[in-house]
Structure formats: structure tokens, C-alpha cells
Amino acid sequence: MEYAVHALELDATVCHCETCRRASGGAGMAWIAGDRATLRLYGAVHTWRSSGHAARQLCPECGSQLFRLEDTRPEAVDVALGTLDDASAVRSTRSAFANQRPRWDARGPLGSQPLAPVPGLLAKGTLHSDAPDGPARDETLQSMLASTQDAFVSIDPGGFITEWNPQAQAALGWSYDEAIGRPMHELIIPPEMRSAHLYGMARLQRTGEGPVLRRRFEVDALHQDGHRLPVELSIAPLRMAGGIGATAFIRDTSQRHAVERELRANQDLLQRTGELALVGSWTVDLPTSTVHWSPMVRRIHGVDDGFVPTLPGVVGFYEEGAQERLIAAFEQGIEDGQKWEIEAPLRTPDGRRVWARAIGNTEYDEHGAPLRVVGALQDITGRKRAEESLHMLTQILEATPDFVVQADKDGRVTYMNPAARQAQGYDAGYDVTQHRFTDFNTPETTRRYRDEVMPSVLKSGVWMGESTVLVAGQPIAVDHSVLSHKDATGQVVRYTAVMRDISAQQRARADLFRQQRTQEPVQGLFEAAQVPFRDGMQGAARSR
């Protein structure tokens with residue numbers, strides 16, 4: 001925002017300390033919020049009280065107030081400068097200097113020379129110290145500044161820019177002509193840091209030292225277009241005519257920070273992926289035999305962060321038989337440079353049995369000497385248990401006399417157990433995938449599949465009952481179960497049918513039923529013949 005500068009309706013004397021002379025010419029300084037300030041008016045100390053919605057700028061050198069900004073008038077800056085107790089240096093603020101940014105000089109009327117240089121400052125575009133120099137030295141210096149990869153900026157004791165190399169223009173946006181002679185804090189220092197910069201410059205003039213000198217540190221800089229960029233600064237003091245200036249090498253670290261953010265994001269993704277997959281990394285430094293485990297590898301082994309792994313100790317986690325395989329794979333990998341992989345069980349300190357998949361690869365130096373072995377370790381206990389369960393289930397299916405048939409979601413057969421193959425007359429090499437589930441149903445069972453079986457399976461996941469299927473082309477009665485198998489999204493991926501031949505049971509039931517039907521008339525005749533006999537016996541008993 002551009003501020004118009006208005007004079008207050010009072011006489012105030014001007015402070016001629018270096019800081020005030022420099023600061024009084026600049027807009028865009030750091031404002032200090034407060035409710036009171038001290039002014040030196042003609043040697044007398046007066047107190048200014050804010051209305052509660054104002055900000056002020058104080059001279060860090062002498063404590064005088066330089067500017068006042070009212071919230072109710074953001075377009076105007078009121079000037080009221082305090083001064084040293086030197087009545088001969090009095091300059092009235094009643095002079096008109098609207099829309100100007102004067103560099104006040106005690107030798108002239110206030111605002112009469114808005115572009116006059118401050119006494120003691122260096123000429124525009126020069127960089128030199130109190131030491132002798134010459135044209136040759138200046139040419140060498142300029143060549144060095146143009147060829148350096150870092151931005152280079154120098155300021156004089158007043159804080160005005162005296163050097164600005166091409167890299168500074170590329171990084172910060174301002175051209176050489178735009179930057180030279182301008183207060184540095186206006187161009188590249190964020191507003192909230194400008195007051196600290198001015199305090200630092202005042203301290204530098206008094207003591208020649210500062211907390212940020214001769215060391216590298218990171219801070220935000222302001223680009224010409226207003227955006228901020230992270231930079232690395234290296235600042236050194238430079239004694240000059242009129243005081244102490246400073247030089248700064250500025251390195252734009254935006255790209256490095258972006259790479260670091262991407263690296264952190266990738267590392268975070270890798271860590272989260274590793275945690276989901278139960279995978280960790282490990283390295284072995286061969287010259288020192290130093291072993292490094294990632295947190296996940298420690299978790300797989302059941303140890304905390306304080307555990308220090310060693311090569312013998314690593315081998316000791318594995319069960320007998322697995323130890324020899326691990327050592328052989330490790331040494332062979334170092335010898336031939338081939339990646340190796342083993343799966344083996346290990347025991348944690350608390351006695352848990354963990355199946356681990358270890359992968360390793362050897363890295364070599366430029367002379368071909370083995371340098372380190374890097375690898376990964378994955379907890380595959382869950383997979384091994386699933387494989388064992390599947391193996392056990394397969395053994396059961398292979399051994400059961402029941403017929404077991406599996407089909408995909410479209411009804412195409414994918415598996416038949418040996419009992420079903422034998423019943424159908426198929427050998428072990430026969431391709432059962434050429435059949436559909438319904439190829440082995442009678443017409444009646446196919447209708448039941450459509451109307452009863454599949455609706456029940458899709459609703460509850462299972463159907464159980466009795467049906468008739470074709471075995472070697474002949475219908476037989478079976479105790480029939482159909483199950484659906486779903487994926488993680490709930491979609492059916494295959495069906496399993498388990499059928500048990502109950503033809504013999506059905507024939508036995510039929511024979512029993514016929515016997516019962518045959519016995520019913522005979523039993524009736526016997527019971528009818530028994531009635532007169534019982535009646536005669538009862539009558540004889542009564543006559544006696």
C-alpha cells in the first residue's frame with residue numbers, strides 16, 4: 001500500500017542519529033503496536049498516548065518515535081520525529097512533503113531534498129572496505145560476484161543496497177537498477193522481521209557485532225512479486241567509510257525444501273506401506289560388521305529400540321536348519337553379487353514363532369570390494385498359516401469320499417476333487433474347465449438351482465438339501481450343499497458344491513417303507529382275530 005505522508009500540527013525536532021536518518025526516508029517499515037510513546041520536543045520529554053487503534057515506529061538507536069499509523073486512516077502516515085537535545089538542529093514538520101519519501105538531511109529544510117544521499121553513505125553501486133583497492137581488484141570482485149552460484153547482496157552502514165549480482169535478480173526478482181540504492185529491508189525482508197533487522201543494524205554500528213554474523217542460518221525472504229521463499233543466509237560485516245555495512249550470500253533453498261518435503265512424503269508412504277505389508281529394511285556394513293535394523297525389523301524380531309543387533313545375534317534368532325540356510329545365502333550373495341532370498345522361521349525373545357522372508361543384495365565400492373549388504377525382512381507368518389490351512393484343507397478335500405466341485409462366478413468348473421473325478425470317470429489330467437456347473441445336474445435340479453438354490457446362496461451364502469445329479473451319465477441322489485465365496489468388496493468370486501452319494505440310504509428307506517406297507521394288512525388281520533378270543537376269555541372269567 002502506498003502511504004501519503006502528512007505533517008502533524010506541532011513543531012517537532014528531527015533526530016539525526018544514523019538510524020533515524022535512514023529510517024525516516026522509508027515507507028514499509030515494521031510497525032510496533034502500542035498505546036504510548038516518548039517524544040523529545042525541543043529537549044523536553046513528552047508522552048504520546050494512542051487511541052488504541054494505532055501503531056508506531058520507534059528509532060532503535062535513540063528511542064524516538066518516527067511514524068504513527070492510525071487504523072482509521074490507513075491511507076495516511078503521520079510524521080512526528082523526536083530528536084537529540086540540540087536546539088540548533090530543529091527542523092519543523094510543518095513543511096509540506098505529501099507523496100514523497102524524503103531522506104532528511106539536517107543541512108537542509110525538511111523534505112526539500114527527497115533524493116539527497118545521507119552523509120557518510122557509499123556511492124551507488126560500489127562495494128569496498130577501508131582497505132586500499134583499485135580498478136583491478138574491483139574487476140576481479142565483480143567477476144567473482146557474477147560467477148558465484150549464490151545471490152550476493154551488500155549494504156552500506158545506512159542499510160542501502162550497494163551490490164546486487166545477477167543471481168540476486170534471478171532469485172529475488174528485482175533488477176540491478178531497481179535494487180541499488182534502495183533500503184534492503186523494503187525489498188527482501190518480510191514486514192514482521194524488518195524491525196528486528198533495523199535493531200540489528202543499529203547494534204552493528206554500535207558494537208561491530210551481531211548474533212547472525214559469520215554463520216549460516218535459514219530465513220524467509222520476500223520476492224518482488226510478494227511471495228516468500230526460504231533462503232540460507234551467510235552474513236559478514238564490512239567496515240566502510242561512514243560505518244559498518246554488511247555482505248550476504250543468499251541461497252534459494254526452495255527446491256531443496258521441495259525435495260525434502262517429497263522425500264519425507266515418500267519416506268512416510270514407504271513406512272506406512274511397510275507397516276501394512278509388515279516389511280522393514282536392514283543393512284550390514286561389512287568392514288565393521290555393523291548391523292542396522294529399521295523399526296519394523298525390530299518389531300518382527302520382538303525387540304525394542306535399545307537392542308543392538310550383531311551378525312551372530314541375528315543368526316541366533318533363527319531355528320536350527322534355518323540358520324545354516326541364512327548363512328549360506330548371505331555368504332553366497334557377497335561372493336557372486338546375486339540377490340538372495342529365503343523363507344525361514346525365527347523365535348522372538350518371548351517365545352513366539354515368526355515366519356520371515358529375508359531378501360539381501362550386496363553393494364560394492366569402486367574397486368569391486370564388498371561394502372555393505374542391504375535388504376528387507378517381511379513377516380509372512382499370516383501367509384504361512386494360511387498356506388498351512390489351505391494345505392490341510394486340500395488334503396481333506398483330496399481324501400474325502402464326498403464329491404467336491406468348484407466353479408467361478410459364471411458357473412464354469414475350476415476344480416474337482418479325486419472322488420468326483422473318479423465317479424465321473426475322469427483321470428488326473430482331464431481338463432474339467434470345459435464343463436459348467438449345470439452339466440452335472442438333472443433337469444429337475446437345474447430348475448431347483450434357478451428357483452431355489454441360487455437365490456438362497458446369494459442371500460445367505462449357503463444352501464443345503466437333497467437333490468439328484470448326474471454321475472457318469474446316471475442320476476443319483478445326493479446330500480447337496482452349495483456355498484458362495486466373496487472377495488473383500490463383497491462380490492461373489494466362486495462357488496463350492498459338496499455332494500454325498502445317498503443312493504443306498506434312499507434305497508434302504510424305500511425298502512423299509514415297502515416293508516411297512518406290506519406288514520400293515522397282516523397286522524390288521526391279527527388284531528381282528530384277537531378280538532373274539534379276548535371277549536370269550538373275559539366272559540368265562542365273569543361266569544366263574
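In what follows, every heavy atom counts, from backbone to side chain, and hydrogens, waters and symmetry copies are set aside.
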Within the 4.5 Å heavy-atom criterion, are Ile300 and Val354 side-chain neighbours or not? yes
Would you compute the distance between atom CZ of Arg182 and atom CD1 of Ile188 and round it to the nearest 0.5 angstrom? 12.0 Å
Taking salt bridge (charged side-chain N to carboxylate O under 4.0 Å, His left out) as the test, write out the residues that go with Asp410, two or more places apart. none
Test side-chain contact (heavy atoms from CB on, under 4.5 Å) applied to Asp431 and Gln434, step by step: CA-CA 6 Å; Asp431 182 13; Gln434 58 187 298; 4.1 Å; yes
Set of ring-ring contact (aromatic ring centres under 6.0 Å, His included) partners for His227, sequence neighbours left out: His223
List the atom pairs, with distances to 0.1 Å, where a side-chain N or O of residues 385-393 and a protein N or O form a donor-acceptor pair under 3.5 Å, not counting sequence neighbours.
{"unit_1": "Glu387", "atom_1": "OE2", "unit_2": "Arg383", "atom_2": "NE", "d": "3.0"}
{"unit_1": "Ser389", "atom_1": "OG", "unit_2": "Arg385", "atom_2": "O", "d": "3.0"}
{"unit_1": "His391", "atom_1": "NE2", "unit_2": "Gln395", "atom_2": "NE2", "d": "3.3"}

If you look only at pairs with a residue in residues 448-459, which of them pass as a salt bridge (Lys or Arg N to Asp or Glu O under 4.0 Å), with sequence neighbours excluded? Arg448-Glu452
Checking Glu341 now: which residues fulfil side chain to side chain donor-acceptor pair (under 3.5 Å) with it, not counting sequence neighbours? Arg357
Results of side chain to side chain donor-acceptor pair (under 3.5 Å) for Ser254 - residues two or more places apart only: Asp252
Heavy-atom pair of closest approach, residues Leu229 and Ala171: CD1-O, 3.8 Å
Where is the tightest heavy-atom contact between Ala376 and Val279, given as atom of each residue plus distance? CB-CG1, 4.1 Å
Quick check on ring-ring contact (aromatic ring centres under 6.0 Å, His included): which of Phe317, Phe307, Trp282 does His301 satisfy it with? Phe317
What residue pairs, at least two apart or across chains, pass salt bridge (Lys or Arg N to Asp or Glu O under 4.0 Å) with a residue in residues 306-331? Glu319-Arg347, Glu319-Arg353
Show your working on side-chain contact (heavy atoms from CB on, under 4.5 Å) between Ile359 and Leu377 and close with a plain yes or no. CA-CA 6 Å; Ile359 303 172; Leu377 190 74; over 6 Å; no
Please, which pairs that meet ring pair (Phe, Tyr, Trp, His ring centres under 6.0 Å) have at least one residue in residues 479-500, sequence neighbours excluded? Tyr449-His480, Trp463-His480
Determine whether Thr283 and Trp293 make a side-chain contact, defined as any pair of heavy atoms from C-beta on separated by less than 4.5 Å. no
Verdict with supporting geometry, Asp150 and Arg251, salt bridge (Lys or Arg N to Asp or Glu O under 4.0 Å): CA-CA 5 Å; Asp150 294 339; Arg251 179 171 299 176; 2.9 Å; yes
Taking Gly302's backbone N and O only, do any of them form a donor-acceptor pair with Thr348's side chain (distance below 3.5 Å, no angle check)? no
Just by distance, do the side chain of Arg194 and the backbone of His185 share a donor-acceptor pair under 3.5 Å? yes
Rounded to the nearest 0.5 Å, how far does CG of Leu371 lie from CD of Glu363? 7.0 Å
Shortest non-hydrogen contact from Met464 to Val462? CG-CG2, 4.1 Å
Less than 3.5 Å apart, any donor N or O on the side chain of Ser175 or Asp177 sitting next to an acceptor on the other? no
Looking only at non-hydrogen atoms, find the nearest pair between Asp305 and Arg298 and report the distance. O-NH1, 3.6 Å
Between Val469 and Ile476, is there a side-chain heavy-atom distance shorter than 4.5 Å? yes
If we only count heavy atoms from C-beta on, is the Ile155 to Thr162 side-chain gap below 4.5 Å? no
Within the distance-only criterion (no hydrogens, no angle test), does the side chain of Ser154 pair as donor or acceptor with the backbone N or O of Glu163 below 3.5 angstrom? yes
Non-neighbouring partners of Phe440 that pass ring-ring contact (aromatic ring centres under 6.0 Å, His included), sequence neighbours left out: His435
Between Glu466 (side chain only) and Asp479 (backbone N and O only), is there a donor and an acceptor less than 3.5 Å apart? no
Selection residues 332-369 - residue pairs positive for ring pair (Phe, Tyr, Trp, His ring centres under 6.0 Å), sequence neighbours left out: none
Do Gln338 and Asp336 have a side chain donor and acceptor closer than 3.5 Å? no
Validation row: Asp220, Val231 side chains within 4.5 angstrom (heavy atoms): no
Given side chains that start at C-beta, do those of Val291 and Leu311 come closer than 4.5 Å, heavy atoms only? yes
Listed by chain and number, what are the side chain to side chain donor-acceptor pair (under 3.5 Å) partners of Asp285, not counting sequence neighbours? Thr288
Please indicate whether Glu178 has more than 12 foreign heavy atoms, meaning atoms of other residues, nucleotides or ligands, lying under 6.0 Å from its CD. yes
List the atom of Ser484, the atom of Val457, and the distance in Å for their closest heavy-atom pair. CB-CG1, 3.5 Å
Tell me whether Gln323 at atom CD has more than 12 heavy atoms from other residues, nucleotides or ligands lying less than 6.0 Å away. yes
Specify the closest pair of heavy atoms between Leu470 and Asp439, including all atoms of both residues, with the distance to one decimal. CD1-O, 4.3 Å
Do the side-chain N and O atoms of Thr468 and Thr445 include a donor-acceptor pair separated by under 3.5 angstrom? no
For a side-chain hydrogen bond (donor to acceptor under 3.5 Å, both in side chains) check, start with the C-alpha distance between Thr446 and Thr438, then their side-chain angles and the critical distance, and finish with the verdict. CA-CA 6 Å; Thr446 298; Thr438 53; 5.7 Å; no
Any sub-3.5 Å donor-acceptor pair from Ser234's side-chain atoms to Arg216's backbone N or O? no
I'd like to know if the side chain of Thr400 reaches the main chain of Ile396, judged simply by a donor and an acceptor atom lying under 3.5 Å from each other, with no hydrogens or angles considered. no
Using the side-chain contact (heavy atoms from CB on, under 4.5 Å) rule, take Val212 and Leu233 through it: C-alpha gap first, then chi angles, then the decisive distance, then the call. CA-CA 9 Å; Val212 298; Leu233 281 180; over 6 Å; no
Please check if the side chain of Glu343 supplies one atom and the backbone of Lys384 the other of a donor-acceptor pair under 3.5 Å. no
Non-hydrogen side-chain atoms of Pro237 and Arg214 separated by less than 4.5 Å: yes
Take Arg372 and Val284, measure what side-chain contact (heavy atoms from CB on, under 4.5 Å) needs, and give me the verdict at the end. CA-CA 6 Å; Arg372 69 177 61 87; Val284 177; over 6 Å; no
Solution key, residues 412-421 side-chain donor-acceptor pairs under 3.5 Å, sequence neighbours excluded:
{"unit_1": "Arg412", "atom_1": "NH1", "unit_2": "Thr433", "atom_2": "O", "d": "3.3"}
{"unit_1": "Thr414", "atom_1": "OG1", "unit_2": "Gln406", "atom_2": "O", "d": "3.3"}
{"unit_1": "Tyr415", "atom_1": "OH", "unit_2": "Glu398", "atom_2": "OE2", "d": "2.8"}
{"unit_1": "Asn417", "atom_1": "OD1", "unit_2": "Val404", "atom_2": "N", "d": "3.0"}
{"unit_1": "Asn417", "atom_1": "OD1", "unit_2": "Ala420", "atom_2": "N", "d": "3.0"}
{"unit_1": "Asn417", "atom_1": "ND2", "unit_2": "Leu397", "atom_2": "O", "d": "3.0"}
{"unit_1": "Asn417", "atom_1": "ND2", "unit_2": "Asp402", "atom_2": "O", "d": "2.9"}
{"unit_1": "Arg421", "atom_1": "NE", "unit_2": "Met416", "atom_2": "O", "d": "3.4"}
{"unit_1": "Arg421", "atom_1": "NH1", "unit_2": "Asp427", "atom_2": "O", "d": "2.9"}
{"unit_1": "Arg421", "atom_1": "NH1", "unit_2": "Tyr430", "atom_2": "O", "d": "3.0"}
{"unit_1": "Arg421", "atom_1": "NH2", "unit_2": "Tyr430", "atom_2": "O", "d": "3.4"}

For a 4.5 angstrom cut-off between non-hydrogen side-chain atoms, does Trp164 reach Gln169? yes
